[in-house]
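Sequence lines set the chain letters: A, B, ... in the order given, protein chains first and strands last, and positions in each chain run from 1. Note that these values count all heavy atoms, side chains included, but never hydrogens, waters or copies made by symmetry.
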Amino acid sequence: MEVFLIFISAVLVNNFVLSYFLGICPFIGVSGKIESASSMGFAVTFVLTLSAAITWLINRYILIAFNVPFLEYVSFIIVIAALVQFVEMFIRRMSKTLYDALGIYLPLITTNCAILGLALFGALRQYSFIENIVFGIGAGLGFTLALVVMAGIREELDLADVPKPLQGAAITLIIAGLLALAFMGFAGLISA
Amino acid sequence: MSDLNDTRRGVFGEFTKGFWKENPILVMILGMCPTLAVTTSAINGLTMGFAVVFVLTCSSLIISIVRNIIPKQVRIPAFIVIIATFVTMVDLFLKAFLLDLSKALGPFIPLIVVNCIILGRAEAFASKNSVGLSVLDAVGVSLGFTVTLIILGGIREILGMGTFFGMPVLGARFERWVIMLLPPGAFITLGFLLGAKNLIDRRMEEKRK
């Protein structure tokens with residue numbers, strides 16, 4: 001039950017993009033087309049899940065075991081950068097189609113703050129190993145959901161008559177605001 | 001305008017471009033996560049801004065000093081490690097001396113590590129320019145970032161709490177717009193701020209013609 005709540009909370013109630021503001025750069029940059037939005041979303045979900053597992057192990061068996069918490073940021077970011085590199089090589093070997101579909105988005109994931117944010121939140125909240133992985137999957141799916149919904153709206157937006165000064169990033173942010181407002185409706189789903 | 005820039009740009013231009021023409025938030029749309037998350041009040045914006053000023057200036061300084069020693073292939077990981085070191089320093093400093101602010105900013109101080117402004121300046125400027133210019137560029141861009149954060153935080157604090165830097169400005173009878181302090185308020189305020197900047201740019205462009 002606890003695990004299920006963490007999952008729902010990460011997908012809907014505390015959506016990484018719309019209520020924690022993590023991963024805003026790809027959210028604005030890659031939400032032009034539904035297809036690229038969903039590719040990006042699944043790439044991020046994949047990396048989030050893997051890094052949730054690995055950063056948990058590092059935190060427990062290196063940072064806490066050797067009492068060096070001040071190395072938290074340096075070690076997490078190195079692991080994430082290495083992981084993204086590794087995932088990129090792995091996907092290129094295993095599935096050429098998937099690799100081509102993800103393209104440039106894979107290396108960009110390193111600087112996606114959702115990944116580091118997840119590692120930090122997981123360490124802060126002292127989740128168990130399973131809980132941390134579920135948290136990672138949930139956060140990734142929530143990110144994908146926000147991205148795909150946004151891309152759907154922006155594809156329609158091409159037909160709308162937006163005032164000149166608000167075109168581009170400005171209207172995207174305002175729509176994101178309205179989406180965040182809508183997602184606040186999920187807040188009652190879990191009573192903390 | 002462009003040839004005027006080339007002659008006048010020089011040292012002064014590297015410093016001032018961050019405030020308007022290459023403002024990291026409003027023009028380059030970089031560093032959105034802390035921008036939106038911490039600007040619930042002007043003081044939070046100011047603290048975040050100063051943390052970024054420190055990290056960006058120090059890391060630009062170090063990166064431009066060691067730029068010829070680091071092999072091209074591993075430069076990005078090297079930059080990230082340098083940046084992460086300074087972020088750890090800021091984080092420990094805030095925890096030691098300004099605990100309340102440190103708690104208010106939460107995980108967004110460590111997240112400066114992946115703030116694209118810092119890696120962007122490192123890659124685009126500090127790794128190619130002399131030490132002096134790199135520091136000027138870093139200070140200018142990060143102060144531009146800070147000013148924008150204070151404006152955004154100020155608007156949200158005034159409308160959401162009726163105060164500015166904690167001082168009441170709108171009187172007790174003002175009905176607070178609580179939504180301004182919540183995530184939607186952040187997105188919408190920044191959206192309109194971007195729109196306002198575009199509008200001013202267009203007006204200035206028309207005047208010039």
Might you work through the salt bridge (Lys or Arg N to Asp or Glu O under 4.0 Å) test for B/Glu205 and B/Arg202, ending with a clear yes or no? CA-CA 5 Å; B/Glu205 192 73 28; B/Arg202 282 160 54 92; over 6 Å; no
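- Both the backbone and the side chain of B/Phe192 come within less than 4.5 Å of a heavy atom of chain A.
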Go through B/Arg67 and B/Arg75 one step at a time and tell me if the side chain to side chain contact (heavy atoms under 4.5 Å, CB included) criterion holds. CA-CA 8 Å; B/Arg67 70 184 189 281; B/Arg75 67 182 192 286; over 6 Å; no
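- Checking side-chain atoms of A/Thr45 against main-chain N and O of A/Ile137 turns up no donor-acceptor pair under 3.5 Å.
- In this structure, the side chains of A/Phe183 and A/Leu145 come closer than 4.5 Å at one or more pairs of heavy atoms.
- Contact of B/Pro107 with chain A is made through backbone and side chain together, with heavy-atom distances under 4.5 Å.
- Interface remark: B/Ile83 contributes no atoms to any contact with chain A (heavy atom separation under 4.5 Å).
- Within the 4.5 angstrom heavy-atom criterion, no atom of B/Ile200 approaches chain A.
- A/Asn132 places no side-chain N or O within 3.5 Å of a backbone atom of A/Ser128 that could act as its donor or acceptor partner.
- Chain B forms the most heavy-atom pairs under 4.5 Å with one residue out of A/Leu178, A/Ile171, A/Thr172, A/Leu116, and that residue is A/Leu116.
- Proximity to chain A (any heavy atom under 4.5 Å) is shown, for B/Leu36, by both the backbone and the side chain.
- If you measure heavy-atom distances from A/Ile174 to chain B, the contacts under 4.5 Å come from both the backbone and the side chain.
- Within the 4.5 angstrom heavy-atom criterion, only side-chain atoms of B/Ala186, from C-beta onward, approach chain A.
- With hydrogens and angles disregarded, a donor-acceptor distance shorter than 3.5 Å links the side chain of B/Asn129 to the backbone of B/Phe125.
- Taking chain B as the reference chain and counting heavy-atom pairs below 4.5 Å, the highest number among A/Pro165, A/Ala180, A/Gly117 is found for A/Pro165.
- Chain A forms the most heavy-atom pairs under 4.5 Å with one residue out of B/Pro184, B/Pro77, B/Ala196, B/Pro34, and that residue is B/Pro184.
- In this structure, A/Ser9 OG and A/Phe186 CZ are separated by 12.5 Å, a value rounded to the nearest 0.5 Å.
- For B/Asp91, the part lying under 4.5 angstrom from a heavy atom of chain A is the side chain only.
- Checking B/Asn23 against B/Thr148 by side-chain atom types alone, a donor-acceptor pair falls below 3.5 Å.
- Contact annotation for A/Leu18: both backbone and side-chain heavy atoms come within less than 4.5 Å of a heavy atom of chain B.
- Taking the six-membered ring for Trp and thresholds of 30 and 60 degrees, A/Phe135 and A/Phe121 have ring planes more than 60 degrees apart, a perpendicular arrangement.
- Heavy-atom distances place both the backbone and the side chain of A/Ala176 under 4.5 Å from chain B.
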